[in-house]
Amino acid sequence: MDRKRVSVVVSVYNEEKALGEFYAETLKVLLGLDWDYELVFVNDGSRDGSLEILKELAGENHRVKLVSFSRNFGHEAAMIAGLDYSTGDVIICMDADLQHPPECIPEILKKIEEGFHVITMVRTKNRSAGKIKNITSSGFYWVINHISDVHLEPNASDFFAVSSHAARVLRSNYREKVRFLRGYVQNIGFARTNLTYEARARVAGESKYSLKKLFTFSINTILCFSNMPLKLGIYAGIFSGLLGLGVMIYTLFTRGGAPSGYATIVVLICFMFAMMFFLIGIIGEYIAILFTELKDRPVYIVDEMRNLDNGQGQS
Ligand code: UDP
Ligand code: MG
């Protein structure tokens with residue numbers, strides 16, 4: 001009987017220092033399994049020696065597949081490409097820096113064998129993230145879970161596994177240009193479960209996510225999952241209407257003895273304009289997303305591949 005196959009998708013961006021150790025550790029785990037395996041590395045436009053290392057690995061092991069982008073398209077695009085080019089019955093996405101321990105793979109496969117289609121790995125400890133990153137991350141999850149219909153697991157990571165059945169849905173129906181893949185994974189339905197893991201410290205190199213990048217990412221995610229910010233205009237309108245009404249009534253009852261200072265007027269005007277510009281800004285953000293989606297540029301562009309048919313995948 002043919003063995004089932006697990007595809008491990010790894011996004012790589014300037015990870016030359018981590019790749020050797022990652023490959024050795026992961027391979028050890030994969031070889032100990034009852035499953036056949038493929039390791040799908042997606043080189044996301046690395047500028048260091050990562051591509052050469054990956055080509056070498058692909059040369060010596062035909063189960064190592066390589067998709068290399070024409071430039072840096074971002075971690076999510078890399079994971080999407082990995083999903084596109086994977087052929088396994090289960091696809092596990094993980095980072096190249098060993099923060100997602102490969103020892104979790106047998107546990108994940110056990111869950112898949114039990115019939116689960118989506119497995120979210122939830123971090124119990126994040127050793128390398130600083131205090132600021134941890135606080136901003138909890139704030140972000142609080143906001144998104146309160147203003148959208150979806151529920152996003154706090155501390156869920158880009159470490160997850162999907163069955164080929166669930167992967168098909170992600171491949172064909174979730175090809176937005178502005179997106180939050182981890183959020184989609186948690187909200188496509190199917191039998192889903194969480195597993196916990198302890199994030200290790202990065203094995204080498206440094207994090208590619210700056211606070212600024214994370215901020216943009218969080219704003220985009222909120223805009224992707226919620227239309228609530230668009231309704232703020234209505235609330236603001238009601239608020240300023242009531243405020244105006246209140247001032248009017250007050251003026252009528254005090255018969256002209258209303259506050260008449262220059263400062264009051266200036267403060268009110270500034271406040272109202274600030275609110276208006278803020279709301280226009282929010283609408284602008286949504287229009288920017290519409291524009292990006294409308295242009296329909298590719299999620300990623302492949303430059304070269306190893307151990308893969310050219311026909312596979314889509315961009
Ligand atoms: N990564 C990527 N493209 C990018 C940035 C990061 O493919 O533009 C990869 C990176 O090589 C790593 C994973 O995505 O394998 C997670 O990145 P990182 O470890 O820097 O993020 P952190 O773990 O600090 O959140
Ligand atoms: Mg990392």
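Source: prediction; values computed, not measured.
Between Val9 and Ser86, the closest side-chain pair of non-hydrogen atoms falls below 4.5 Å. Contact annotation: the side chain of His146 never approaches that of Val143 to less than 4.5 Å [non-hydrogen atoms, C-beta and beyond]. In this structure, Val12 and Phe22 have side chains that are not in contact, with every pair of non-hydrogen atoms separated by 4.5 Å or more. At a threshold of 4.5 Å between non-hydrogen side-chain atoms, the residues Asn173 and Ile188 do not count as touching. Using a 4.5 Å heavy-atom threshold, the side chains of Val8 and Tyr37 count as separate. Side chains of Ile269 and Phe271 form no contact here, defined as non-hydrogen atoms less than 4.5 Å apart. Side-chain contact between Leu223 and Val178 is absent, with no heavy-atom pair separated by less than 4.5 Å. Between Glu21 and Leu98 there is a side-chain heavy-atom pair separated by less than 4.5 Å.
The distance from the CG atom of Asp44 to the CD atom of Glu15 is 10.5 Å, given to the nearest 0.5 Å. To the nearest 0.5 Å, the span separating CG on Asp36 from NZ on Lys4 amounts to 13.0 Å. Atom CD in Gln99 sits 11.0 Å away from atom CG in Asp158 (nearest 0.5 Å). Atom-to-atom distance recorded for Asn187:CG and Glu153:CD is 10.0 Å, nearest 0.5 angstrom. Rounding to the nearest 0.5 angstrom, the gap separating the CG atom in Asn72 from the CG atom in Asn14 is 8.0 Å. Interatomic distance, Asn61 CG to Asn307 CG, rounded to the nearest 0.5 Å: 8.0 Å.
Counting all heavy atoms, side chain and backbone alike, Pro101 lies closest to Glu198 at CG-O, 3.9 Å. When all heavy atoms of His151 and Gln186 are compared, the pair lying nearest together is O-OE1, 3.8 Å. When all heavy atoms are compared, the tightest approach of Leu152 to Asn145 is N-OD1, 2.8 Å. Closest of all the heavy-atom pairs between Met305 and Val302 is CG-CG1, 3.7 Å. Summarising the geometry of Ala96 relative to Ala18, their closest heavy-atom pair is O-CB, 3.6 Å, with the distance given to 0.1 Å. Ala236 approaches Leu279 most closely through the heavy-atom pair CB-CD1, 3.6 Å.
Arg175 places no side-chain N or O within 3.5 Å of a backbone atom of Val299 that could act as its donor or acceptor partner. Within the 3.5 Å criterion, the main-chain N or O of Met228 finds a donor-acceptor partner in the side chain of Ser226. Side-chain N or O atoms of Glu76 include one that pairs as donor or acceptor with a backbone N or O of Leu181 at under 3.5 Å. When atom types are taken as modelled, the side chain of Ser7 and the backbone of Ile91 share no donor-acceptor pair closer than 3.5 angstrom. The closest donor-acceptor contact from the side chain of Ser50 to the backbone of Ser46 lies at 3.5 Å or more, if one exists at all.
Tyr197 is connected to Leu33 through a chain of hydrophobic side-chain contacts under 4.5 Å among Ile, Leu, Val, Met, Phe, Trp and Tyr, so both are in one cluster. At a threshold of 4.5 Å between side-chain heavy atoms, the hydrophobic network of Ile, Leu, Val, Met, Phe, Trp and Tyr places Ile144 and Trp142 in one connected group. Val29 and Leu31 fall within a single hydrophobic cluster, where Ile, Leu, Val, Met, Phe, Trp and Tyr are joined by side-chain heavy atoms under 4.5 Å apart, directly or via other members. By the rule that hydrophobic residues join a cluster once side-chain heavy atoms approach within less than 4.5 Å of another member, Ile301 and Val40 end up as members of one cluster. Linking Ile, Leu, Val, Met, Phe, Trp and Tyr whenever their side-chain heavy atoms come within less than 4.5 Å leaves Phe159 and Val122 in two separate clusters.
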Check residues 104-113 and write down every donor-acceptor pair under 3.5 Å in which the side-chain atom is one partner and the other belongs to a residue at least two apart or another chain.
| unit_1 | atom_1 | unit_2 | atom_2 | d |
| --- | --- | --- | --- | --- |
| Glu113 | OE2 | Trp35 | NE1 | 3.3 |

Check against side chain to side chain contact (heavy atoms under 4.5 Å, CB included), Val64 and Phe41: CA-CA 7 Å; Val64 172; Phe41 285 103; 3.6 Å; yes
Are Ser68 and Asn43 close enough, and set up right, to give a side-chain hydrogen bond (donor to acceptor under 3.5 Å, both in side chains), and what steps lead you there? CA-CA 5 Å; Ser68 185; Asn43 173 41; 3.0 Å; yes
Dump the intermediate steps for side chain to side chain contact (heavy atoms under 4.5 Å, CB included) on Tyr300 and Val42, then the final yes or no. CA-CA 11 Å; Tyr300 57 84; Val42 182; over 6 Å; no
Assess whether side chain to side chain contact (heavy atoms under 4.5 Å, CB included) is satisfied between Ile289 and Glu285, documenting all intermediate values. CA-CA 6 Å; Ile289 292 184; Glu285 289 289 320; 6.0 Å; no
Applying side chain to side chain contact (heavy atoms under 4.5 Å, CB included) to Leu39 and Lys65, what does each step give before you reach the verdict? CA-CA 6 Å; Leu39 254 171; Lys65 318 267 159 104; over 6 Å; no
Apply side-chain hydrogen bond (donor to acceptor under 3.5 Å, both in side chains) to the pair Asn194 and Arg192, showing each step before the final yes or no. CA-CA 7 Å; Asn194 290 343; Arg192 188 178 81 83; 3.2 Å; yes
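A cation-pi contact, defined as under 6.0 Å to the ring centre and within 45° of the axis, links Lys295 to Phe291. Under the 6.0 Å distance and 45° angle rule, Arg182 does not count as a cation-pi partner of Phe160.
In this structure, Phe69 and Phe73 have perpendicular ring planes: the angle between them is above 60°, well past the 30° mark.
Considering Tyr141, Tyr174, Phe217 in turn, Phe217 is the only one that fulfils the ring pair (Phe, Tyr, Trp, His ring centres under 6.0 Å) rule with Phe180.
Using a cutoff of 4.0 Å between basic side-chain nitrogens and carboxylate oxygens, Glu38 and Arg63 are not scored as salt-bridged. Salt-bridge formation is not detected for the pair Asp97/Lys17: no Lys NZ or Arg NE/NH1/NH2 atom is positioned less than 4.0 Å from an Asp or Glu carboxylate oxygen.
Phe190 CZ: more than 12 foreign heavy atoms inside a 6.0 Å radius. Atom OH of Tyr286 is surrounded by more than 12 heavy atoms from other residues, nucleotides or ligands within 6.0 Å.
Applying the salt bridge (Lys or Arg N to Asp or Glu O under 4.0 Å) criterion to Lys55, with sequence neighbours excluded, gives Glu304. With sequence neighbours left out, the ring-ring contact (aromatic ring centres under 6.0 Å, His included) criterion links Phe225 to Tyr184.
Not less than 6.0 angstrom separates the ring centroid of His75 from the ring centroid of Tyr13.
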